[in-house]
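Once you've had a glance at the structure underneath, I'll fire off some questions.
We name chains A, B, ... by the order of the sequence lines, and we start the count at 1 in each one. Predicted model only: the values in this text are computed from it and were never measured.
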Amino acid sequence: MLDIKYIAEHPEEIKSGMAKKGYTKEMLDVDALIALYKDIAALKTSSQALSEEKNKLSNSIKTASAEERPAIIAKSKSIGEELKVEQEKLAAEQAKYDDMMLRMPNMPSPESPVGKDDSENVVRRKVGTPRTFDFTPRDHVELMELNDWSELERITKVCGSRTYAIKNELARLELAIHMLVIDKLAANGFTVINVPSLSKEKPLYGQGYLPFSRDEIYYMPQDDLYLSGTAELILNSLRADELLNENELPILYAGFSPCFRREAGAAGKDTRGLTRVHQFMKTEQFVICKNDIAESEKWHQKLLALSEEVLQDLELPYQVLEVCTGDMGAPKYRQYDLEAWVPTQNCYRETHSCSNITDWQARRTNLRYRDNTDGKVKYAFTLNNTGIATPRALVPFLENHQQADGTVRIPEKLQPYMGGKKFIGKNAR
RNA sequence: GGAGAGUUGGCAGAGUGGUAAUGCAGCGGAUUGCUAAUCCGUCAUCCUGUUAAAGGGAUGCACAGGUUCGAGUCCUGUACUCUCCGCCA
């Protein structure tokens, strides 16, 4: 959510920011929003004048004489009727206004490349060199079948499409990678927190998932609960409605949770293997920091560096993508994606998404802190980034580290989490 | 699933139908000086107002309704917390 006063004072700046994100006047009319805001202010002024009069009358009853009272009560009642009409009008306008405000996207950073869709994202750097194979590399599904690491066909009979079951060393590898990431984040001052995958509706608005993409979310009407697509959802609302002391900031969370996505908009995409499944595990990085662009940029870089370190520890070649304005979601101020090299697809595939949300989410969740220097109450800034998401990350992992004999090499940093093993697979010694 | 108790500002905590006490912490100011204290104001949101303030007003006691001239207080529903019982990985 944005500051309506800022919108009203800088309409052209807001319009140009929205245009960069691909919003048209038909989708969301800023001038209409501002007009509505002014209408509401006028309605508030007039209804508050009525309230004031009514309060005065009510307070005068106590000291009024018995003869005076009936007239005062009658007058107060009639103002009450008038007030009720005004307030109903106000509530109707307010509902329209709230709906528009919830749909207002965050303004993109001036640093973000301007573009219409993912084709205009900019590669900032490439780290590591895609491996050249002296044998024909197997894709990750072949490797899993060869090594008895999965139950892909059987599990879809039981659980439906886009589900996965992995077993033996690969099942342990999945958890080992999470532990490596969790240890790294803990060593960097993050609070490790395992959170539920169930959510009420309100946090989905707080995160900015709703009202935008309801189709993507599993909903259980019997309990009025949703399945979380990411721990960011839960962590973003964990401190909602709190007024923090600045000394408590920054708050760093390493949140682990099972994640659920309907993948309704991805029909037919990535249907083979582990790339796009309905349920997966994610360790998420989440930061709540001061209301300060420079400070948040610093944390944004830190989060990015941590996830780059993860890919380096896993010895995966990757590229850092700066996401352009048109490909960024509504909540985002600035976004980087990390993509790891997938040999059999001959391209980089997304593993991490690192975003600075500024105060857009905190305004929705009413997450504030009191500033130490001026004593003022301010909205906090939030940032989030993937720590690691599996099984997706196993795709480049298996394919990049495969050997001619079908075994998979375990990078040095991961070996302690795999009982010291240097290779896994049927032919591993 | 059942029974009981509870939910008041950043925190603590009073308030049984008539303007939300008080303390602590934070911020601003004044004063005394000797490293701390004292006093005053402010300290949740919104409207109005202003270059900015000041000032005025409305709202706010978990949430949503209701009764009433007037609700933190009475009534109804909901959420959550705690205690106990039941069931349970």
Run the ring-centre check on F397(A) versus H140(A) and record whether the distance is less than 6.0 Å.
no
Base, sugar-phosphate or nothing for K54(A)? Non-hydrogen atoms, less than 4.0 Å.
sugar-phosphate
For R172(A), does the CZ atom have more than 12 heavy-atom neighbours from other residues, nucleotides or ligands under 6.0 Å away?
no
Over all strands shown, is K376(A) touching base, sugar-phosphate only, or nothing at heavy-atom distances under 4.0 angstrom?
nothing
With a 4.0 Å cut-off on heavy atoms, is S76(A) in touch with a base, just the backbone sugar-phosphate, or nothing at all?
sugar-phosphate
Pair assignment for rC24(B), Watson-Crick or G-U wobble, requiring both distances under 3.5 Å:
rG10(B)
Which residues pass the side-chain contact (heavy atoms from CB on, under 4.5 Å) test with K200(A), not counting sequence neighbours?
P203(A), L225(A)
So that I know where these two stand, are H278(A) and F260(A) an aromatic pair - ring centroids less than 6.0 Å apart?
no
If you measure from the P atom in rU8(B) to the same atom in rG72(B), how many Å do you get, rounded?
15 Å
Using the heavy-atom set of chain A and a strict 4.0 Å cut-off, write down the first and last nucleotide of RNA chain B that makes it in, 5' to 3'.
rG10(B) to rC80(B)
What does rC39(B) pair with, Watson-Crick or G-U, if both distances are under 3.5 Å?
rG29(B)
When all nucleic acid strands are considered with a 4.0 Å heavy-atom cut-off, which category describes D371(A): base, sugar-phosphate, or nothing?
nothing
What integer number of Å spans the P atoms of rU16(B) and rC11(B)?
23 Å
Is the NZ or CZ atom of R364(A) positioned over W360(A)'s six-membered ring, under 6.0 angstrom from the centre and within 45° of the axis?
yes
The test is side-chain hydrogen bond (donor to acceptor under 3.5 Å, both in side chains); show your working for N372(A) and N247(A) and say whether it passes.
CA-CA 8 Å; N372(A) 277 346; N247(A) 299 335; 2.8 Å; yes
Pair assignment for rC34(B), Watson-Crick or G-U wobble, requiring both distances under 3.5 Å:
none
Using a 4.0 Å heavy-atom cut-off, does R368(A) contact any base of the nucleic acid, only the sugar-phosphate backbone, or nothing at all?
sugar-phosphate
Say you pick atom C1' in rA14(B) and the same atom in rG65(B); how far apart are they, in whole Å?
28 Å
Watson-Crick/G-U partner (both atom distances under 3.5 Å) of rA54(B):
none
Find the partner of rU59(B): check Watson-Crick (N1-N3 plus N6-O4 or O6-N4) and G-U wobble (N1-O2, O6-N3) distances, both under 3.5 Å, and reply none if neither fits.
rA44(B)
Could you tell me whether the side chains of Y6(A) and E13(A) share a donor-acceptor contact shorter than 3.5 Å?
yes
Atom C1', compared across rA21(B) and rG13(B): separation rounded to whole Å:
10 Å
Please figure out whether E53(A) or K5(A) has its closest RNA chain B nucleotide nearer the 5' end.
K5(A)
State which residues pass side-chain contact (heavy atoms from CB on, under 4.5 Å) with K290(A); sequence neighbours excluded, sorted by chain then number.
E246(A), L249(A), E295(A), Y369(A)
May I ask which nucleotide in the shown strands pairs with rU76(B), Watson-Crick or G-U wobble, both distances under 3.5 Å?
rA64(B)
T373(A) near the nucleic acid: base, sugar-phosphate alone, or nothing, with a heavy-atom cut-off under 4.0 Å?
sugar-phosphate
Could you tell me how far rA36(B) sits from rG17(B) if I compare only their P atoms? Round to whole Å.
48 Å
Determine the Euclidean distance between corresponding C1' atoms of rC61(B) and rA52(B); express it in Å to zero decimal places.
34 Å
What interatomic distance, in whole Å, is found between P of rA79(B) and the corresponding atom of rU68(B)?
28 Å
Look at the aromatic rings of Y336(A) and H300(A) and report parallel, tilted or perpendicular, splitting at 30° and 60°.
tilted
Residue mapping more 5' on RNA chain B - nearest nucleotide basis, I73(A) or G375(A)
G375(A)
For rU81(B), the Watson-Crick or wobble partner whose two distances fall under 3.5 Å:
rA5(B)
Pair assignment for rA71(B), Watson-Crick or G-U wobble, requiring both distances under 3.5 Å
none
For L57(A), which contact category applies under a 4.0 Å heavy-atom criterion: base, sugar-phosphate, or nothing?
nothing
Between rU67(B) and rC39(B), how many Å separate the two P atoms, rounded to a whole number?
48 Å
